[in-house]
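Note sheet for the following structure.
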Amino acid sequence: MTSVGEALLAGLKVRGVDVIFGIPGVHTIEVYRGLAGSGVRHVTARHEQGAAFMADGYARVSGKPGVALVITGPGLTNALTAMAQARADSVPMLVISGVNQRASLGQGLGLLHELPEQAAMIRALCPSFQVTGPEALERCLNLAFAAMYDGRVGPVHLEVPTDVMGLPAMPAQAHVPVRDLPLPDPAKVKTAIALLSRARRPVILAGGGVRGAQTGLQALAERLDAPVVQTVNARGILPFGHPLSVPASPSLEQVRDLIRDADQCLAVGTEFGQTDYDMYARGGFPDLAGMIRIDISPAQLARHGAALAIHADAGAALTALLAGLGEGISDCDGAARAAQTRRAARAALDPHMPAQLAMVEAIRDALPGAIIVGDSTQPVYAGNMYYEPGRSGGWFNAATGYGALGYGPGAAVGAALAAPGVQVVCLIGDGGLQFSPGELRTAVDEHLPISFVVWNNAGFREIAEAMASVGAKVIGCDPSPLKMAPFAAACDLPFVSVACDPDALQAVLAMPSSGPRMIEVRAD
């Protein structure tokens, strides 16, 4: 007999799921029974938030949904922060949880892990589906995978009552998820081609929605001779050193000058969020009412005025534009405009940022093909303002959008599992490390090639400086840091401590390492 729990795991496997992150509990035993012989690898986190962050990192690097399996009640509420981060950054994530037996739901009987209405709580954030019986399993899986990719990608929740998990179920059906991507309106594509053909100073604004459409974006930028301004989630969309790349935040006035001077802006897959376009909340962003905007989400298109709004998948729209524009290459001084913007933007960084940025670039130079997964810490903030990754997808973090602290270790584990053999660097502060220290043990258990680089400034320095800058008394910003050497030893991690010096950090990172390690940067 195949139980619902076993059929659930088989159903995930036929939908392309190879890895699940989770922590078992008494409410999910029947689902865990399905793991045996399923062909799905289970990775044990130390906290459900960490499990969901692992799913996030795995999804960003693999391009496939990240899946977390958690218990009813506290397991799910622990995962909520990571689900909110995934929603903010359009990351496909499936969180599967238990829920108490059907007859008890909403009754307030004081059962273990009981919530008043678990699914209703989740639906305020993302879609939630309940497997009400064996006959509903296949339908719920189909709905969950469809909802993950319905318009703007994001998280989805699936819950299974404890009295349903062990019931007999039909074996999983062969299933290939098909994403129905919206195609651009040909009339709007024709209008966009006419506008772009007349442009002499075009600029492209690229957001996270261009992930997966790198080839088309690069080809269009080169065809138009247009500088490409990249938000954090689009960094690395052009190859390292590409002359049209502007890997600097549009929060910087020098990047805004480039945009202001453009006679045509094309915005692709970007929501114009404050943490990308107005990090310091100063206002004054250039008027983009004349832009051409491409987005997969009608809701996003409705939030900002545009001369031409194209509802479409980024890849499909870029392909259509390229076909209409033809093979000729424009001469719009794009490389010179991009180079001038890069120089001006870097020179205008806040005084403390160049030294921090130099440390990030030391990581890139020591490990050119590495993926840097950031937490909310000073060198990551600096990198978000100006940093060019050494590889596509080589820079992502939670210091924009939702801004969840403690994201880095779990996401780095997921990233390393999604890209076997690739060096991964988790760049995290001493404060953020104390949010999720247990996930370093998961890296040890899985023997993953992750370098945990800890920026130790003995507190929440970024917040302290923000308080001081507005004349507020600095309170709560000096939590004592971990003693890094004994902590690393407790985690069975090789450990090195270096001063805040790019050459020293680069030398340590260049040393061969096949498994996880910790490197402290003394930033005080």
Side-chain angles (χ1 to χ4, degrees), residues 19 21 23 41-47 49-51 53-54 56-58 61 359-360 362-364 366-367 369-380 397-398 405-459 479-502 504-524:
V19 181
F21 306 93
I23 301 175
R41 179 180 183 178
H42 180 268
V43 176
T44 304
R46 298 306 192 266
H47 191 281
Q49 179 176 276
F53 280 148
M54 291 175 191
D56 178 301
Y58 181 87
V61 174
M359 300 299 284
V360 180
I363 297 172
R364 179 195 65 199
L367 304 170
I371 298 169
I372 302 178
V373 181
D375 207 84
S376 292
T377 190
Q378 286 184 308
V380 172
N397 56 78
L405 199 59
Y407 168 87
V413 168
L417 286 162
V422 174
Q423 288 288 325
V424 174
V425 176
C426 172
L427 180 54
I428 189 168
D430 61 287
L433 178 62
Q434 294 188 66
F435 272 60
S436 50
E439 309 315 331
L440 277 65
R441 283 299 307 177
T442 301
V444 171
D445 289 350
E446 300 293 329
H447 195 66
L448 298 174
I450 303 175
S451 298
F452 294 95
V453 177
V454 183
W455 180 264
N456 188 358
N457 57 22
S480 58
L482 296 168
K483 294 182 177 179
M484 298 298 169
F487 173 70
C491 291
D492 296 322
L493 288 169
F495 175 76
V496 177
S497 180
V498 299
C500 186
D501 175 73
L505 178 60
Q506 188 170 339
V508 170
L509 284 167
M511 297 170 62
S513 176
S514 59
R517 58 183 172 176
M518 179 187 285
I519 301 167
E520 176 192 30
V521 176
R522 301 187 304 275
D524 56 336

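One is the number of the first residue; the rest follow in order along the sequence. These numbers come from the heavy atoms of this one structure, side chains and all, not from hydrogens, waters or symmetry mates. Predicted model, so just to flag it, every value in this text is computed and none were measured.
- The stretch residues 491-501 participates, sequence neighbours left out, in these salt bridge (charged side-chain N to carboxylate O under 4.0 Å, His left out) pairs: R441-D492.
- Rounding to the nearest 0.5 angstrom, the gap separating the CD1 atom in I372 from the CD1 atom in I363 is 5.0 Å.
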For residues 410-424, please give each side-chain donor-acceptor pair under 3.5 Å, one per line with the distance, not counting sequence neighbours.
from: Q423; atom 1: NE2; to: S513; atom 2: O; distance (Å): 3.2

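- Contacts of Y407 classified as side-chain hydrogen bond (donor to acceptor under 3.5 Å, both in side chains), with partners at least two apart in sequence or in another chain: D56, R60.
- Atom CE of M511 sits about 13.5 Å away from atom CD of Q506, to the nearest 0.5 Å.
- Considering only residues two or more places apart in sequence or on other chains, N397 meets the side-chain hydrogen bond (donor to acceptor under 3.5 Å, both in side chains) condition with N384.
- By the side-chain contact (heavy atoms from CB on, under 4.5 Å) test, L493 is found to be paired with L440, V444, A488, C491, P516, M518, residues two or more places apart in sequence or in another chain being considered.
- Every residue two or more places apart in sequence or in another chain that forms a salt bridge (charged side-chain N to carboxylate O under 4.0 Å, His left out) with R41 is listed here: E446.
- With sequence neighbours excluded, the residues satisfying side-chain contact (heavy atoms from CB on, under 4.5 Å) with P437 are F487.
- Rounded to the nearest 0.5 Å, atoms CD1 (I428) and CG (L405) are 7.0 Å apart.
- Judged by distance alone, with hydrogens and angles left aside, the side-chain atoms of E439 form a donor-acceptor pair with the main-chain N or O of H47 at under 3.5 Å.
- With sequence neighbours left out, the side-chain contact (heavy atoms from CB on, under 4.5 Å) criterion links A510 to no other residue.
- R46 pairs by the salt bridge (charged side-chain N to carboxylate O under 4.0 Å, His left out) definition with D445, not counting sequence neighbours.
- The ring-ring contact (aromatic ring centres under 6.0 Å, His included) analysis of residues 437-456, with sequence neighbours excluded, yields no pairs.
- Residues satisfying the side-chain hydrogen bond (donor to acceptor under 3.5 Å, both in side chains) test with S376, not counting sequence neighbours, are none.
- Residues D430 and P479 have side chains not in contact (no heavy-atom distance under 4.5 Å, counting atoms from C-beta outward).
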